[in-house]
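All of these numbers come straight from a predicted model, not from anything done at the bench.
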Amino acid sequence: MRRVQNHSRISIPTTHRRLVIMSMASPIDPTMQGVVWTKTLQETVRDYPRLSGGETADLVVIGAGYSGLNTAIHAAKNGLRVVVLEAGRVGNGAAGRNGGYNVPQFPGGITPSVVEASVGRRKGLALADLVLHGADAVFRQIEAFQIKCSAVQNGWMQPAHSDASMQRVRKVHDEWKALGAKVTWHSAADVADLLGAQGYLGGWSNAEGGTVNPYSLSVGLARAAEQSGVRIFENSAVDGFEETAQGVVVRCGASRVSARSAVFATNAYTGDFLPAVQKSVIPVYLYHVATKPLSEALRQKILKTQLCFTDLRKSGGFGRLDSEGRLISGGAVFDFGNKVAYGENHARGRMKMLFPQLTDDDIQLESYWEGYCAVTDSYLPHILRLGRNVFSVGGFSTRGVNLAQNLGRLMGEFIAGKRELDDVPVNVYDQRNDVALWSVKTRAARYVFPYYRLKDRLGMT
């Protein structure tokens, strides 16, 4: 197996970059071109073979991202023979392209009571507990597997940028507090001091949150899976499956994997081959940018404790530094005209609004990249039962670093017979659960960003 020691060469300056265009039908981009996380990658990238011929296993997992790799690891730890099939390269989807925020909170302003209303009291309490302690569980697993992913557990904050968001943020804090969570409320002055950001009215934090290099985490999880006996095959796109009396046969062209069970962990990167999974989530097209490393003087003023934050702005209000001091920003891709210039201009403006101490020279952008995020109507993940022993888990809605990994762990334990499916605290659908007006919503997601910016400016979020 050939090993590649350094992937930093694939990140090239914005002005000389050729973007790889991903479509909804074929969303895989294995190059990781422009992704800043390749610049600070510490794990060794491995080349895994292409599936050729036939393989047998107890479990076949489709997708080598956070949920797929965690499903595989924890099934293998419980004695199963596991094969993972990846259409591109390990971590080339949302797992390696996200912002690297490990957040102990549901998406946005969703409260535990809203979750309980969606999935029922028993599962709601269990899912709240999983989210609350899941971020810490991710950091502990990183330590156990000795994954080098620049993990920093210095807390996460949700600040309020408007009167409307202040009410929602306070309600989220109060509900977590009532459940016994160790959360802290901060005044406007405290927020300004801790973040170095301007304009926030207050906010709350949880010290168990933090940041990672998400691509390095993906690569490290694949290493851990391989060490657990999992066989990983890259560049092995699945084009169908069929159930037999013995289990399930998954097809990759002329090659096959025969297994007792299968788990699809493809999320927004499913493509057209499996519409039941593809249309159960909205593939939201997002972008991120990264500045050049900030000076040491600025890093004493901006996110000085390496705390990270995400607010409730629809057009992106979040901040973190990478291991070399780059400031990360982004939002939804406005797929009209020069989308890269539009995104970069928005990100620069947002950075200067949040951190007026930055000059134009400080916010020179080194990296720009795009990717898909799987969002459900409820903003909560779910499980689809595609057959007797064929499942899909997905829809993490911006909380993949925490939820995808922890739900992947539970799925692996379920497949291994260590827990019941009903113990996994999300809704389980035995029939297709397509998003209503999926085609309309998917296309609208590519053009709605200016509307989000307007709502933010009017204080409606």
Side-chain angles (χ1 to χ4, degrees), residues 14 36-37 39-40 98-103 108 150 152 154-163 165-166 169 184 186-205 209-213 286-332 340-369 398 449 452-457 459 461:
T14 298
V36 74
W37 311 119
K39 296 183 178 183
T40 55
N98 68 82
Y101 294 80
N102 187 13
V103 177
S150 306
V152 176
N154 280 16
W156 163 84
M157 181 185 289
Q158 185 174 63
H161 68 279
S162 65
D163 291 337
S165 69
M166 185 69 161
V169 166
T184 303
H186 303 280
S187 67
D190 291 337
V191 173
D193 178 60
L194 288 167
L195 302 183
Q198 302 301 306
Y200 287 116
L201 307 179
W204 68 279
S205 67
T211 58
V212 296
N213 177 322
L286 303 177
Y287 76 93
H288 282 84
V289 299
T291 67
K292 67 180 183 178
L294 301 183
S295 68
E296 189 60 37
L298 280 172
R299 292 166 70 178
Q300 294 302 314
K301 301 176 182 177
I302 294 174
L303 303 170
K304 61 184 181 182
T305 66
Q306 296 190 61
L307 186 74
C308 64
F309 71 95
T310 54
D311 65 27
L312 297 185
R313 285 185 174 92
K314 297 289 287 184
S315 63
F318 52 87
R320 63 156 295 184
L321 300 176
D322 78 352
S323 61
E324 295 179 352
R326 297 177 181 86
L327 183 61
I328 313 296
S329 186
V340 176
Y342 182 94
E344 290 180 335
N345 288 336
H346 171 75
R348 289 191 191 96
R350 182 52 47 83
M351 288 180 185
K352 291 189 75 172
M353 182 191 74
L354 291 173
F355 305 107
Q357 57 270 57
L358 294 174
T359 66
D360 289 341
D361 185 61
D362 295 325
I363 53 176
Q364 292 182 34
L365 302 181
E366 281 191 351
S367 301
Y368 172 99
W369 71 100
T398 75
F449 196 64
Y452 287 161
R453 293 180 67 178
L454 177 63
K455 288 188 70 175
D456 288 338
R457 283 199 297 270
T461 58

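No side-chain donor-acceptor contact under 3.5 Å links W37 to the backbone of V212.
Atom OG1 of T211 sits about 7.5 Å away from atom CG of N154, to the nearest 0.5 Å.
Applying the salt bridge (charged side-chain N to carboxylate O under 4.0 Å, His left out) criterion to D190, with sequence neighbours excluded, gives no partner residue. Here D456 pairs with S315, T461 under the side chain to side chain donor-acceptor pair (under 3.5 Å) rule; sequence neighbours left out. Every residue two or more places apart in sequence or in another chain was checked for a salt bridge (charged side-chain N to carboxylate O under 4.0 Å, His left out) with K301, and none qualifies. Under the ring-ring contact (aromatic ring centres under 6.0 Å, His included) criterion, H346 pairs with F449, sequence neighbours left out. Applying the side chain to side chain donor-acceptor pair (under 3.5 Å) criterion to N345, with sequence neighbours excluded, gives R348. Applying the ring-ring contact (aromatic ring centres under 6.0 Å, His included) test to Y452 and every residue at least two apart in sequence or in another chain returns nothing. The salt bridge (charged side-chain N to carboxylate O under 4.0 Å, His left out) search around K455 returns none, not counting sequence neighbours. Under the side-chain contact (heavy atoms from CB on, under 4.5 Å) criterion, T310 pairs with Y101, W156, F318, R399, not counting sequence neighbours. Take S205 and apply the side-chain contact (heavy atoms from CB on, under 4.5 Å) test, not counting sequence neighbours, and it matches M157, T184, H186. In this structure Q300 satisfies the side chain to side chain donor-acceptor pair (under 3.5 Å) test together with E296, sequence neighbours excluded. Remark: D163 engages no residue in a salt bridge (charged side-chain N to carboxylate O under 4.0 Å, His left out) (not counting sequence neighbours).
Screening residues 316-332 for salt bridge (Lys or Arg N to Asp or Glu O under 4.0 Å), with sequence neighbours left out, gives D322-R326, E324-R326, R326-E366.
When all heavy atoms are compared, the tightest approach of F309 to P159 is CD1-CG, 3.9 Å. Of all heavy-atom pairs between L327 and L294, the closest is CB-CD1, 4.4 Å.
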